[in-house]
Amino acid sequence: MLVNAKEMLVKARENHYAVGHFNINNLEWTKAVLTTAQELNSPVIIGVSAGAGKYMTGMKTVAKMVKAMDESLGITVPVALHLDHGTYQVCRDCIEAGFTSIMFDGSSLPLEENLYRTLELTRLAHAYGMSIEAEVGAIGGTEDGVTADGEVADPEECRKIVDLGIDFLAAGIGNIHGIYPDDWKGLNFEALNRIKAATNNIPLVLHGGTGIPDDQIKHAIAEGVSKINVNTDCQLVFAAATIEYCKAGLADPTSENKTKGFDPRKLLKPGYEAIKAKVKEKMELFGSINKA
Ligand code: 13P
């Protein structure tokens, strides 16, 4: 069932768990996320970056594929189809394509422009029954080839953007995308508390969910984080499982993979299973199982 993400995140916030946002890149990833959510009776958010959308030939293709797959698989748990880190134009494309949720990332713009664009897109998204996430204080790391340092968002800027009527807020608290450096200082919980105090109980979003230690994830959820984004972890397990499968087949002439491994459906199956296991592990950690 495709829904916007507002209700599931307000419920998560009130009941002290978080909903996982898992990025997709192709059909296998989508199927892995949907079937795991259904098996575990968990709400879920499917995240699509601009780069992944382009790879899948555009946001219209993505929206039609996810909707059709959701129906064909008979998914009954709430699923939001959400744009991850959109520019103004990509937000417009996703509204037109039939997504149920968007993220406008104006964090690299001057604040006034971020506020102005966020307000326009908030009105538009709500007119279409969609939810909207906004960002202040750039999340560090590299995503879609763009690298930024981790920032700590200013609570006053957070208050200003929340007052525009957005549904959930990504505010940097030292988190970064991808692999964390060895000297990473950890999440800044003092900053999280200041942001929480300034933003009137709005659900908060934690990007860069891959490299944050479990105890800090649990602490962040206890402090009001109700959406956690995961991408790199799924990429890592997908790549590792696929490589292992190929190696096993090519190195061992007696292996079943040697002759059957070229079937793309078989080739991608270990990666698909690995993503399912990773999504399950994260849903357990986030506490969203049986919360559909
Ligand atoms: P990771 O790649 O670190 O899991 O972060 C994903 C993310 O925040 C997507 O917006």
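In each ligand, atom 1 is the first atom listed, and ligand 1 is the first ligand listed.
Side-chain contact of His207 with Glu133: a donor-acceptor pair under 3.5 Å is present, judged by distance alone. If you check the side chains of Asn23 and Asp84, you find a donor sitting under 3.5 Å from an acceptor. Donor-acceptor pairing under 3.5 Å is lacking for the side chains of Thr36 and Lys280.
Listed by number with element, the atoms of ligand 1 under 4.0 Å from a non-hydrogen atom of Thr232 are 1 (P), 2 (O), 3 (O), 4 (O). Numbered from 1 in the order shown, with element, the atoms of ligand 1 that lie under 4.0 Å from a heavy atom of His85 read 10 (O). Short contacts between ligand 1 and Val230, defined as distances under 4.0 Å to a heavy atom of the residue, involve ligand atoms 4 (O). The contact set between ligand 1 and Asn23, taken as ligand atoms under 4.0 Å from a residue heavy atom, comprises 9 (C). Using a 4.0 Å cut-off to heavy atoms of Gly178, the atoms of ligand 1 that qualify are 1 (P), 2 (O), 3 (O). Atoms of ligand 1 lying under 4.0 Å from any heavy atom of His207, numbered from 1 in the order shown and given with element: 8 (O), 10 (O). Against a heavy-atom cut-off of under 4.0 Å, Gly209 is close to the following atoms of ligand 1: 3 (O), 4 (O), 5 (O).
Residue contacts with ligand 1, taken as heavy atom pairs separated by less than 4.0 Å, involve Asp84 solely via side-chain atoms from C-beta onward.
Between Asp233 and ligand 1, a contact under 3.5 Å exists for no N or O pair.
Rounding to the nearest 0.5 Å places CG of Asn201 at 8.5 Å from CD of Glu14.
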Original post:
Step by step, would you call Met8 with Ile45 a side chain to side chain contact (heavy atoms under 4.5 Å, CB included)?
Top reply: CA-CA 9 Å; Met8 65 169 87; Ile45 296 172; 3.9 Å; yes
**OP:** Take Lys31 and Glu28 through the side chain to side chain contact (heavy atoms under 4.5 Å, CB included) test and state the conclusion after the steps.
**Re:** CA-CA 5 Å; Lys31 187 171 153 192; Glu28 284 73 19; 5.8 Å; no
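Applying the side-chain hydrogen bond (donor to acceptor under 3.5 Å, both in side chains) test to Asn193 and every residue at least two apart in sequence or in another chain returns nothing.
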